[in-house]
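Scroll down for the structure; my scribbles are underneath it.
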Amino acid sequence: MKDVDCRYQAEAILVKPKENFSGLTYVTVKIKNADNETAAADILVKVKKRAGLIVKYNSQQPVKEVSIAGSFNGWNKNAARLKKNENGEYSAELELSPGKYQYKFVVDGVWLLDSQNPDKAPDGFGGYNSVLTVGGEKPELLPLTKNGKLKFAYTGQQLLSCLSTVNNKVVIPKIEKNIIEIEMEQMSHLDFKIIASDKLCNFSDEICFSAKKDFNWNDGILYFVFIDRFADGDKKNNSPVSDNEVEKLANYLGGDFQGVIDKIKDGYFKKLGVNILWLSPVADNPNTVFQEDNPPYKKYSAYHGYWPVDIYKVEEHFGNEEKLKELVALAHKNGLKVILDGVFNHVHIDSEIYKKNPQWFTPLLLSDGRKNIRLFDEYPLSTWFDSFNPTFDFENNPEARKIMIENGLWWIKEFNIDGYRLDAVKHVAHIFWKELKERIKNEIEVPQNKTFFMIGETISSREKIKEYVNDEELNSQFDFPLYWAIRDVFAWETRGFDILSQELKSSQGFYGMKNPMSTLLGNHDFARFTALADGDVKQNMNDKDEKIVAKIDNPETYKKLKLAWTFLLTNPGMPMIYYGDEIGISGKGDPDNRRLMTFDFTKQEKDVFDYVSALIKIRKENAATRYGINKTVLAENDFYAYKNVWFDNEILVVLNRSDKNVSKYLHLEGKWQNLFTGKKCELEKIEVGPKSALVFRKI
């Protein structure tokens, strides 16, 4: 290879760029099996150009030590110390590839924003990180046509190179005036990738797609079934824990496997349009009550399933093994994938695993005498969630990893599930996720020729989220930074659509197309969207405050919800519906956000359900909503128009957040069809009603 050197080592191909090379190239890998049969594949390789960058910090007060921590050094406060010069200024040189990086200065142990840099992003904990941009904006490829040939429009700095692969073989595209073409003999059974690079070695997102007929997880719409709260199908297993100090919502309410089975049978999920069920944890939990270690020190039962006590037994409140198998089989028969909530970070203190092997777990007490409980930032890999949930020390105990990975595989093989939603990903060592993925690949994916989908929960920055998404670990994670923007824009209305447009592009640009991140309006850890939108839970408020009464009093709340769903369901990613959000259930923080599901809809709830169902139908019929390249047409504080383009499919979405009718000149060419009414029109000028949305397809 003229641009890179390659060698095979420890079942991995190591690629090292030659001196002074940066840009786009490829390597050809040849594989020979035991029968002496050979196969070859071309792998695209991106080599980024690294540049030296000086960061500076000035202080009006005397300081002893300054460092910079960010996504470029794993947020290690000791990795990059700034040196003080004769003028009292602190500085350091960083060598970074083009891209965006979040960071903070650490001054005498205190984490601070860069006061000289106005660019910032939410840090996931109610504050912000500073954002450093290295190099120019990344170039963009816009898919244009897909009829006999693939055509893309290139925008950005001067185009340096462009490579594509068709069924793992490199194809050199034809390029003329920033239009890129690839001739295709046939479009069926096609596995395609393309990347472009500009003269500064900024790379476009990798556009990839497959014409294979297997289930494509990019087409997934996830429905979170919180089992105990969804549907009570079998009264015989209703047995709440007896304790007068446990409030009703912190105890078992009766939901079970039979309830989910009944809703599959009556067509609820089919009518809504979802195709993946995420089931809350189903392993056996203790039948006793425990008090949380942090304020307000409430008592809870294990109705939620996140306190595993017997990892090879099904929770009896929900049913038994046979009933779970029946649920999964029926789901598959009805076109639904099933993923289980995987709790690998910890077990309950009553678990035999902990009793017999306490050395496999991190100590509860720190050397300074404090209890290591919920110190998520300070001790991310060792902190306990509560004093009764010991955390595994996977880094130092390979036997513990083996035991839990064996258990993870048992649930897959025994119940024929299709994936895992993985709890507390950033609190589990990378080595565990890598070994779990390797076993799943060797024992499930390769033999069965399918993808076993693993989606994680990491409530943090985009950098931390992406850290775990790769071929060796997870397929996807939930996009919490985009959720925070959605919350602020649609529910609280404290930020405008101009910010949302930027946040959407930040997510899409940072994660790329290869791995579909899951977008959401909320989950079981946050107050419900409608509680925020109705003003019951305000910014900077403790969402569990006893004084809060979450109830929808303002009809406008449902309009806000519909606007948010329009945005979520017309953009790429894997939308997640937390049970009840499809009708607008309210609720403050846990456990009020886990109310019992209702299927006896009010007029407003039915209107939202029908609207969400209609949006999902539009999504299924228009690939641009699932794969498209987003182009902002107009983004103002209360008005947002954007297109998603995927070859010949072009979708326009218009959102009006204001309380008035709005008319705007969009100057869009051609004919368009309103996908809610079927009416055809031109869109030189558009009018949209108050708190309303319109969706069009170009015809």
Side-chain angles (χ1 to χ4, degrees), residues 8-15 29 31 41 43 74 191 206 208 210 214-218 220 222 276 278-279 281 283 308 311 337-346 360 380-381 391-458 460 462-479 511-518 574:
Y8 182 74
Q9 179 179 312
E11 299 185 347
I13 299 170
L14 303 182
V15 181
V29 178
I31 304 169
I43 301 174
D191 195 344
E206 177 184 291
C208 52
S210 175
D214 297 337
F215 180 80
N216 191 329
W217 290 88
N218 290 67
L222 195 59
I276 307 168
W278 155 22
L279 303 182
I311 60 174
K337 298 292 184 182
V338 178
I339 67 175
L340 291 186
D341 208 314
V343 183
F344 295 102
N345 174 73
H346 59 268
W360 289 355
L381 294 179
T391 291
F392 279 104
D393 181 3
F394 284 132
E395 285 188 300
N396 299 306
N397 291 283
E399 190 64 24
R401 299 198 301 269
K402 181 180 178 182
I403 291 294
M404 293 306 292
I405 289 170
E406 288 288 351
N407 179 250
L409 286 161
W410 179 80
W411 287 95
I412 298 170
K413 296 174 181 178
E414 187 71 17
F415 298 99
N416 194 27
I417 59 172
D418 306 289
Y420 273 128
R421 177 269 184 186
L422 298 167
D423 189 51
V425 164
K426 68 178 180 179
H427 301 299
V428 176
H430 281 285
I431 189 171
F432 177 85
W433 300 128
K434 290 179 179 180
E435 290 182 358
L436 175 64
K437 176 70 173 183
E438 184 178 15
R439 289 285 303 277
I440 288 174
K441 182 177 181 180
N442 292 336
E443 298 180 34
I444 304 297
E445 293 185 319
V446 172
Q448 298 181 27
N449 191 28
K450 71 174 186 180
T451 297
F452 183 86
F453 198 78
M454 294 202 292
I455 180 170
E457 175 220 33
T458 297
S460 190
R462 290 185 177 94
E463 288 81 5
K464 194 66 178 176
I465 288 170
K466 191 176 180 181
E467 181 181 318
Y468 298 87
V469 179
N470 53 70
D471 292 338
E472 293 182 316
E473 297 181 81
L474 277 57
N475 303 88
S476 179
Q477 294 226 61
F478 294 97
D479 189 356
Y511 302 132
M513 290 184 61
K514 182 179 178 182
N515 300 94
M517 297 296 171
S518 182
M574 181 186 290

Practice task
Would you indicate whether the side-chain heavy atoms of Trp411 and Leu340 approach each other to under 4.5 Å?
Solution key: yes
Exercise for the section: With rounding to the nearest 0.5 Å, note down the distance linking CG in Asn397 to CE in Met404. Expected result: 13.0 Å
Practice task
Check Lys464, Gln477, Lys426 against Thr458 for a side chain to side chain donor-acceptor pair (under 3.5 Å) and give me the one that passes.
Solution key: Gln477
Fill in the blank from the handout: The residue among Trp278, Trp433, Phe344, Phe415 that forms ring pair (Phe, Tyr, Trp, His ring centres under 6.0 Å) with Tyr420 is Phe344
Exercise for the section: Please report the closest heavy-atom contact between Ser460 and Ile465, naming both atoms and the distance. Expected result: O-CD1, 3.7 Å
Handout entry: Qualifying residues under side chain to side chain donor-acceptor pair (under 3.5 Å), relative to Lys450, sequence neighbours excluded
Key = Gln448
Handout entry: Set of residues satisfying side chain to side chain donor-acceptor pair (under 3.5 Å) with respect to Asn218, sequence neighbours excluded
Key = none
Practice task
State whether Glu435 and Lys402 are salt-bridged, where the test is any N-O pair (Lys NZ or Arg NE/NH1/NH2 against Asp/Glu carboxylate O) under 4.0 Å.
Solution key: no
Problem - Note, Leu279 side chain near Asp341 side chain (heavy atom, < 4.5 Å) - result: no
Problem - From CG (Asn470) to CG (Asn515), nearest 0.5 Å - result: 8.0 Å
Handout entry: Those residues that, when tested against His427, pass ring-ring contact (aromatic ring centres under 6.0 Å, His included) (two or more places apart)
Key = Phe376, Phe385
Problem - Non-neighbouring partners of Asp479 that pass side chain to side chain donor-acceptor pair (under 3.5 Å), sequence neighbours left out - result: Ser507, Tyr511
Practice task
With rounding to the nearest 0.5 Å, note down the distance linking CE in Met574 to CG in Leu222.
Solution key: 6.5 Å
Problem - For Glu445, side-chain contact (heavy atoms from CB on, under 4.5 Å) partners two or more places apart - result: Lys437, Ile440, Lys441, Thr451, Phe452
Practice task
Give a yes or no on whether the backbone of Ile455 and the side-chain of Ser476 come within a donor-acceptor separation of less than 3.5 Å.
Solution key: no
Practice task
State whether a side-chain donor-acceptor pair under 3.5 Å links His430 with Glu472.
Solution key: no
Handout entry: Phe215 six-ring centre to Lys337 NZ/CZ under 6.0 Å and within 45° of normal
Key = yes
Practice task
Return yes if some donor-acceptor pair links the side-chain N/O of Asn475 with the main-chain N/O of Met454 below 3.5 Å, else return no.
Solution key: yes
Handout entry: Aromatic contact, Phe392 with Phe432 (centres under 6.0 Å)
Key = no
Handout entry: Glu473: partners by salt bridge (charged side-chain N to carboxylate O under 4.0 Å, His left out), with sequence neighbours left out
Key = none
